[in-house]
Amino acid sequence: MDEQARILQALGGVNLAGHSVQGGMALPPPHGHDGSDVDGRKQDIGDILHQIMTITDQSLDEAQAKHRKHGLNCHRMKPALFSVLCEIKEKTGLSIRGAQEEDPPDPQLMRLDNMLLAEGVSGPEKGGGSAAAAAAAAAAGSPTDNSIEHSDYRAKLSQIRQIYHTELEKYEQACNEFTTHVMNLLREQSRTRPISPKEIERMVNIIHRKFSSIQMQLKQSTCEAVMILRSRFLDARRKRRNFSKQATEILNEYFYSHLSNPYPSEEAKEELAKKCSITVSQGVGTTITVAQVSNWFGNKRIRYKKNIGKFQEEANLYAAKTAVTAAHAVAAAVQNSQTNSPTTPNSGGYPAPCYQSDGRIQ
DNA sequence: TATCATGATTAGAT
DNA sequence: ATCTAATCATGATA
């Protein structure tokens, strides 16, 4: 860690003009040390060190810089300095530090990646987004108009997608530029001080990690944007449509005729959903899903229970209704075959408008 | 426009 | 998993 700081410090003294990364790539601030762990070196060496550190300063005068570099490289003390630096390095054990932590794949980053992929932002091409959106809409149980709102949603999503990709590209490019820049610097410096390939590699790793953390920010904010977009367009609550009269009729019929146990089985729900969807198949399909039937019964049960009085009238109405149809059925049955015993199957026949006195359902 | 009705979502219990 | 209860957001209506 100390060494990294030192390397970064050395870089910090270099003019990185033109390589500023938007959002601020925060290199660790220079540490307290100043590069001379060993004291008592001559002023001469100090000067040379300083020159090394600042050698790539892109001074206005390129020729002058060249001259200085050349001067340094041909300095009579250079070989001696080099070996001294090697020795220092050897002693302080800087050169041998195993390649530590192979960074494990950040779980959060993976989460973000997965989501972006699922949302169709980072996926293959335009098809993915709409498919995911459609799936999401279907899952949310709002199968109605996914044409008008949907195209709007898709447009916005592709906008986000585009921004995301251009930004990503920018980061990628900046990262590469910066990396080559640093590599060049190190290569330059390796002529006057010992730099192992491992160090360079580590340096590159550090840079990449920094950039990937920036990328993560980008992914994070993109995810947020997508979530907002989704909640804005895909949240079924925002485009609630009341069921058709016939659909509510069917559902209410079932509810009040099973008042003592208004919990339709899965099959019953499917049946009801189908029946509701069939009604008035005019216009854009008002298909009702099983999930919606479940929602309806959930709401109905709780609301009925909460205020039975309010639903008295409705209950009577539907009770009468089913009574009439049942009576007809019974009459028909009686007329058709005497052997048929007309005991109605479900939970005690058509219930007269009778309610549990304690207000509880089941 | 205030208010109720209603479909969907959510947390938490079972 | 499915249900309840509370809540949200919108539709319908007075």
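Sequence lines set the chain letters: A, B, ... in the order given, protein chains first and strands last, and positions in each chain run from 1.
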Original post:
When only distance counts, do a donor and an acceptor, one from the side chain of Asn299(A) and one from the base of dA8(B), lie under 3.5 Å apart?
Top reply: yes
Original post:
Quick one: Asn307(A) CG to dA5(C) P, roughly how many Å, whole number?
Top reply: 14 Å
**OP:** Tell me whether the OP1 or OP2 atom of dG7(B) has a side-chain N or O from Arg241(A) closer than 4.0 Å.
**Re:** no
Subject >> Euclidean distance, atom CG of residue Leu251(A) to atom P of dT6(B) [Å, nearest integer] >> reply: 12 Å
**OP:** Could you state the atom-to-atom distance from CZ of Phe255(A) to P of dG7(B) in whole Å?
**Re:** 13 Å
**OP:** Over 60° means perpendicular and under 30° means parallel, so classify the ring planes of Phe311(A) and Tyr304(A), tilted if in between.
**Re:** tilted
Original post:
Atom OH of Tyr263(A) and atom P of dA1(C): how far apart are they, to the nearest Å?
Top reply: 20 Å
Original post:
Could you state the CD-P distance from Glu314(A) to dA5(B), rounded to the nearest angstrom?
Top reply: 11 Å
**OP:** Identify which nucleotide among dA5(B), dG7(B), dA5(C) has an atom closest to any side-chain atom of Asn242(A), counting heavy atoms from C-beta outward.
**Re:** dG7(B)
Subject >> Side chain Ser244(A), main chain Ala247(A), donor-acceptor under 3.5 Å >> reply: yes
**OP:** Looking only at side-chain atoms of Arg301(A), point me to the closest of dG7(B), dT9(B), dT4(C).
**Re:** dT4(C)
Original post:
Reckon Lys310(A) has a side-chain N or O less than 4.0 Å from the OP1 or OP2 of dA5(B)?
Top reply: yes
Original post:
Could you state the CG-C1' distance from Asn295(A) to dT6(B), rounded to the nearest angstrom?
Top reply: 11 Å
**OP:** Give a yes/no on whether any side-chain N or O of Lys305(A) is located under 4.0 angstrom from OP1 or OP2 of dA5(C).
**Re:** yes
Original post:
Separation of Ile302(A) atom CD1 from dT7(C) atom P, in whole Å?
Top reply: 12 Å
**OP:** Compare side-chain N and O positions of Lys306(A) against OP1 and OP2 of dA6(C) and report whether any pair is under 4.0 Å apart.
**Re:** yes
Subject >> Aromatic plane relationship, His258(A) with Tyr254(A) - under 30° parallel, 30 to 60° tilted, over 60° perpendicular >> reply: parallel
Original post:
Once you round it to whole Å, what is the distance between C1' of dT10(C) and CZ of Arg240(A)?
Top reply: 5 Å
**OP:** Would you state whether a donor and an acceptor, one from the side chain of Arg303(A) and one from the base of dT7(C), lie under 3.5 Å apart?
**Re:** yes
Original post:
When hydrophobic residues are tied together by side-chain contacts of less than 4.5 Å, even through go-betweens, does Phe211(A) share a cluster with Ile200(A)?
Top reply: yes
Original post:
Quick check: are there more than 12 heavy atoms from other residues, nucleotides or ligands sitting under 6.0 Å from CD of Glu270(A)?
Top reply: yes
